[in-house]
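Let me begin by presenting the structure, written as structure tokens, before commenting on it.
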Amino acid sequence: MSVVTRFAPSPTGYLHIGGLRTALFNYLYAKNQGGKFLLRIEDTDLQRNSQEATEAIIKAFEWCEMHHDGEVVYQSQRFPLYKEYIQRLLDEGKAYYCYMTKEELEALREEQRANKLPPRYDNRYRDFKGTPPEGVQPVVRIKAPLEGSIAFEDGVKGRIEISAKEIDDFIIARSDGTPTYNFVVAIDDALMGVTDVIRGDDHTTNTPKQIVVYEALGFKVPKFFHVPMILNPEGKKLSKRDGATDVMEYKQMGYLHEALLNFLVRLGWSSGDKEIFSMEEMISLFSPHNLNSSASCYNQSKLDWLNNHYIREMNNTKLKSMLVDFGCEVSLQGEKLEVLFEALKERNYTLVSFAKGVKEVLNAPSEYDEKMHSRLTEQGLENISKFVATLSDGLSVSEYEAKSKEFMSEHSLKPADFLQPLRLAILGKGGGIGMAECIFVLGVSEIRARVKNLNLL
Ligand code: GLU
């Protein structure tokens, strides 16, 4: 049977990176097996779910180019179907109406608490044959096994076995008729033909209940893989403070989806000591069977390093078009574009800083680093003015490089005495790309104009 996986987010907010990692694992496994990857929006909680959140999730998928197979399934459109299955279980005697009132339930809980027993429904309506009490809108409860245990082989955590005593006859339909979470997840996974469920390990405790539903309805139980959380470097739950958590915020911060996905796949999974994975490599190497059973740790510098790798790999024409979103329109072409971009690729980890770097070179400085400026001497200014007077257009970067070295040795200048003032004139600050690259990209007349500006201050 071919593999069918799914990602099933609840649209209560944006898509966070933990969710994206779960989706990625499901996607990779389906693709690796030549199977299908489905998307189901779990929007039954009408109070907490929003259309914007659903759209944001779908947008994040588009950005990541992780395409799901078939139509998106919305649980909110499947209520009649869930009703049918509730009725079927009632008809088969596998579920029953429970007329316990809120007060009765509370009294039971109170008694259990007093006796130091775990809160558990006492099955009082399980075999009820009498006349239902009046004025109570019943819930529907499923008959969970009374004896033995519920067990499954988790692909990440190994065998998990829960005593039947720990699972009570849980509610599958509330008194207003709406179905509950564990019920609809099991129905949907079964009807959508899902063979493998890879999800966060916060769902591990839901799985036995879902297995009760599968078994009551005679559905085949899928394989489960419960993936440990992503923790921050202090070993705590990941929060806003540790970086972004909203996937689309990474886009705004100038990360490439290739880098983010590569980063996420390594949180909880590895293939030897390989760090860089193209999508094709991820697909061919990934298996949920070697997911790590301990939590993984978010590491911002690794994400930056990967992003820099993917920026370096990117073709410069594509990079140029991507910068437009970051307020940077570049008209340079050909070799000048190549020289500028290759130089900036060395130094920039995100598209935001890359765009800033481009602007710092292409726009004449509007202000100058005060510290550097205060150290600027008459002699320094004279040196750079002399130097730019010797320049002409049409040389290569290495020829400009050679020229500046020659100038320094002819005039017995230390690099700091010559390059610092030149840098101040051209970029307005220390740091940044090489001066020879700047001359090549900007052209001699622009360089002369910038030196003259500094002279006029
Ligand atoms: N809707 C659930 C969530 O967002 C996931 C359910 C599942 O994967 O089974 O946490």
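All heavy atoms count here, side chains included; hydrogens, waters and symmetry mates do not. These figures come from a predicted structure and were not determined experimentally. Counting starts at 1 for both ligands and their atoms, in listed order.
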- Task: For salt bridge (Lys or Arg N to Asp or Glu O under 4.0 Å), just list the numbers for K302 and E275, CA-CA rounded to whole Å, side-chain angles, deciding distance to a tenth of an Å, and then say yes or no.
- Result: CA-CA 10 Å; K302 180 130 170 236; E275 288 293 353; 3.0 Å; yes
- N/O donor-acceptor pair under 3.5 Å between R174 side chain and P179 backbone: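 Pair found, side chain donor or acceptor close to backbone of P179.
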Can you list the ligand 1 atoms lying under 4.0 Å from a non-hydrogen atom of [X]?
X    : result
H203 : 2 (C), 3 (C), 5 (C), 6 (C), 10 (O)
E42  : 1 (N), 2 (C), 5 (C), 6 (C)
A8   : 1 (N), 2 (C), 3 (C), 4 (O), 5 (C), 6 (C)

- Message: Please determine whether any non-hydrogen atom of R6 lies less than 4.0 Å from an atom of ligand 1.
- Response: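 Yes.
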- Query: Does some non-hydrogen atom of Y181 fall short of 4.0 Å from ligand 1?
  - Reply: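 For ligand 1, residue contact (heavy atoms, under 4.0 Å) with Y181 is present.
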- Which bit of P9 is near ligand 1, meaning a heavy atom under 4.0 Å away: side chain, backbone, both or neither? backbone
- Message: Which label fits F286 and F25: parallel for a plane angle under 30°, tilted from 30 to 60°, or perpendicular past 60°?
- Response: parallel
- Task: Please test K429 against E367 for salt bridge (Lys or Arg N to Asp or Glu O under 4.0 Å), starting from the C-alpha separation and ending with a verdict.
- Result: CA-CA 9 Å; K429 62 180 189 90; E367 52 187 42; over 6 Å; no
- Considering non-hydrogen atoms only, spot the tightest contact between C297 and L267 and give its length. O-CD2, 3.3 Å
